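A short write-up of the structure that comes next.
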Amino acid sequence: MPELPEVESLRRILARSATGRTIVSAAVREKRLRRALDDDVADAIAGRAILAIGRRAKYLLIELDRELVLLVHLGMSGSLTHRRAGFDPGPFDPRHDHVEFALDDGARLVYNDPRRFGLIKLIKKSELENAAELRGLGPEPLGGGFSSEYFWRATRGRKAAVKTLLMDQRIVAGVGNIYASEILFRAGVRPTRRAGRVTRAEAERIAAYTPAVLSEAIGGGGTTFRSYRDARGQPGRFAERLQVYDREGQPCIKCGAAIRGIVVGQRSSFYCPHCQK
DNA sequence: AAACATTCCTGCACGC
DNA sequence: TGCGTGCAGGAATGTT
């Protein structure tokens, strides 16, 4: 997964394929995800109509009738696939297909998550804003709330690496490890730079490249690094357009210098020592 | 066999 | 001293 572009790609596919459908039944095979699924989730979902599919940060929001919302997070290794009736159901994975929804058109939505860092939670629509998972999230990077002025202010006085802050969901919602490296490369800022030392011009570039990179990735259907698959079971195509991520030792596309791989805030990070200051 | 696309929690350091 | 905040580190887990 599953950073913002992957979840947004998933949202768009499900919006077309599942909106208006009714969930006739739900089966929970494994409820031990990041948090254990509530015991009554399957019963509460059965019979509910899917009104819309939304997204906040990396959370997918499946809006149901009766003012219910199913919150889905894919963690590190989760996927939610839509399998049409009568078509190849894809490789059935009994060990990791943890939750399955049957729709009234014969299709199925299958939640698969090997590492089980994901989350599925049913909440009332009125409690959405106050939900612990969504409360405190920063602005959506594609929603206009993530301005250069905002980011510049948010970084003042902060000693943590700028990449760490860019990935902090309270600062901006949806940027994860892959795109943080890509955004900082395009902005010409090293991931290790202390956030408080980012100049105003650099903050402007970061704030501008953040939505640009995410939008481009959405256009490519997201990034498949190892195992990510979209709702149709297809890998994302943005991996071919990654300029630094997982390219340690390979030449920078701008200057030819060898891309470096380092660890920042315990996450693998990549940058060009020549282009990024 | 070490690394991993995410989030949450703990504990320490620092500053007021 | 006490408290709040920031930050680092680790844990959760299965796969490649």
Side-chain angles (χ1 to χ4, degrees), chain A residues 1-10 29-37 55-60 71-80 91 93-98 111-121 131-138 153-183 191-197 213-214 217-218 220-231 234-242 244-249 261-270:
Chain A
M1 142 170 207
E3 303 185 32
L4 185 152
E6 290 72 37
V7 180
E8 178 61 21
S9 296
L10 169 62
R29 290 196 193 82
E30 173 58 80
K31 61 182 181 182
R32 294 175 304 150
L33 302 185
R34 184 200 311 173
R35 287 276 205 279
L37 264 71
R55 180 190 59 75
R56 175 74 172 106
K58 303 172 190 172
Y59 289 89
L60 188 73
L71 205 62
V72 179
H73 193 289
L74 302 176
M76 289 276 267
S77 59
S79 66
L80 185 63
D93 179 1
R95 292 203 304 152
H96 308 303
D97 280 353
H98 303 314
Y111 179 83
N112 179 289
D113 187 1
R115 291 176 74 178
R116 305 205 316 272
F117 289 177
L119 174 90
I120 296 180
K121 185 177 178 182
E133 290 78 8
L134 303 187
R135 197 182 341 123
L137 285 174
R153 265 194 247 139
T155 53
R156 290 312 89 190
R158 299 294 300 268
K159 283 188 274 194
V162 62
K163 175 164 176 281
T164 301
L165 254 66
L166 197 54
M167 292 173 61
D168 186 334
Q169 302 301 295
R170 295 167 298 187
I171 303 287
V172 56
V175 179
N177 200 41
I178 293 178
Y179 298 113
S181 277
E182 294 298 310
I183 291 163
T192 47
R193 175 84 65 80
R194 284 186 173 209
R197 297 288 180 82
V213 169
L214 297 177
I218 292 168
T223 299
T224 290
F225 173 50
R226 289 204 161 100
S227 61
Y228 167 78
R229 293 294 181 275
D230 72 13
Q234 299 297 311
R237 300 182 307 278
F238 192 71
E240 306 152 17
R241 322 252 291 265
L242 293 175
V244 288
Y245 189 83
D246 201 31
R247 293 194 64 237
E248 181 174 7
I262 57 173
V263 173
V264 179
Q266 323 198 144
R267 307 302 302 277
S268 63
S269 309
F270 303 87

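Not measured: the values here are computed from a predicted model. Letters A, B, ... mirror the listed sequences (proteins, then strands); counts begin at 1.
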- Task: Between A:Gln266 and A:Leu165, just flag the one whose closest nucleotide in DNA chain C comes earlier from the 5' side.
- Result: A:Leu165

- Message: Categorize A:Arg35 for me: base, sugar-phosphate, or nothing, with a 4.0 angstrom heavy-atom threshold over every strand shown.
- Response: sugar-phosphate

- Item | Spacing of A:Glu6 atom CD relative to B:dT6 atom C1', expressed in whole Å | 12 Å

- According to the interplanar angle, ranging from 0 to 90°, do the rings of A:His73 and A:Tyr59 count as parallel (below 30°), tilted (30 to 60°) or perpendicular (above 60°)? perpendicular

- Message: Does a side-chain N or O of A:Arg158 approach OP1 or OP2 of C:dC7 to a distance below 4.0 Å, or not?
- Response: yes

- Message: Exactly one of A:Leu71, A:Leu80, A:Ile120 should register a side-chain contact (heavy atoms from CB on, under 4.5 Å) with A:Leu60. Which one does?
- Response: A:Leu80

- Item | Position toward the 5' end of DNA chain B (nearest nucleotide), A:Gln169 or A:Val263 | A:Val263

- Is the count of non-hydrogen atoms from other residues, nucleotides or ligands lying under 6.0 Å from A:Arg29 atom CZ greater than 12? yes

- Expressed in angstrom and rounded to an integer, what is the separation of A:Leu33 atom CG from C:dT13 atom C1'? 12 Å

- Item | Mate of C:dA11 where both pairing distances stay under 3.5 Å, Watson-Crick or G-U | B:dT7

- Query: So which one's nearest nucleotide on DNA chain B is more toward 5', A:Lys159 or A:Gly174?
  - Reply: A:Gly174

- Message: Could you check whether the side chain of A:Arg115 and the base of B:dC4 have a donor-acceptor pair of N or O atoms closer than 3.5 Å, going by distance alone?
- Response: yes

- Short side-chain N/O contact to C:dG14 OP1/OP2 from A:Arg116, under 4.0 Å: yes

- Taking only side-chain nitrogens and oxygens of A:His96, does any of them come within less than 4.0 Å of OP1 or OP2 of C:dT13? no

- Task: Using a 4.0 Å heavy-atom cut-off across all strands, classify A:Ser268 as base, sugar-phosphate, or nothing.
- Result: sugar-phosphate

- Query: Rounded to the Å, how far apart are A:Leu80 CG and B:dT6 P?
  - Reply: 18 Å

- Base, sugar-phosphate alone, or nothing: which one does A:Arg267 contact when heavy atoms must sit under 4.0 Å apart? base

- Query: Where is the tightest heavy-atom contact between A:Lys163 and A:Ser268, given as atom of each residue plus distance?
  - Reply: NZ-O, 3.6 Å

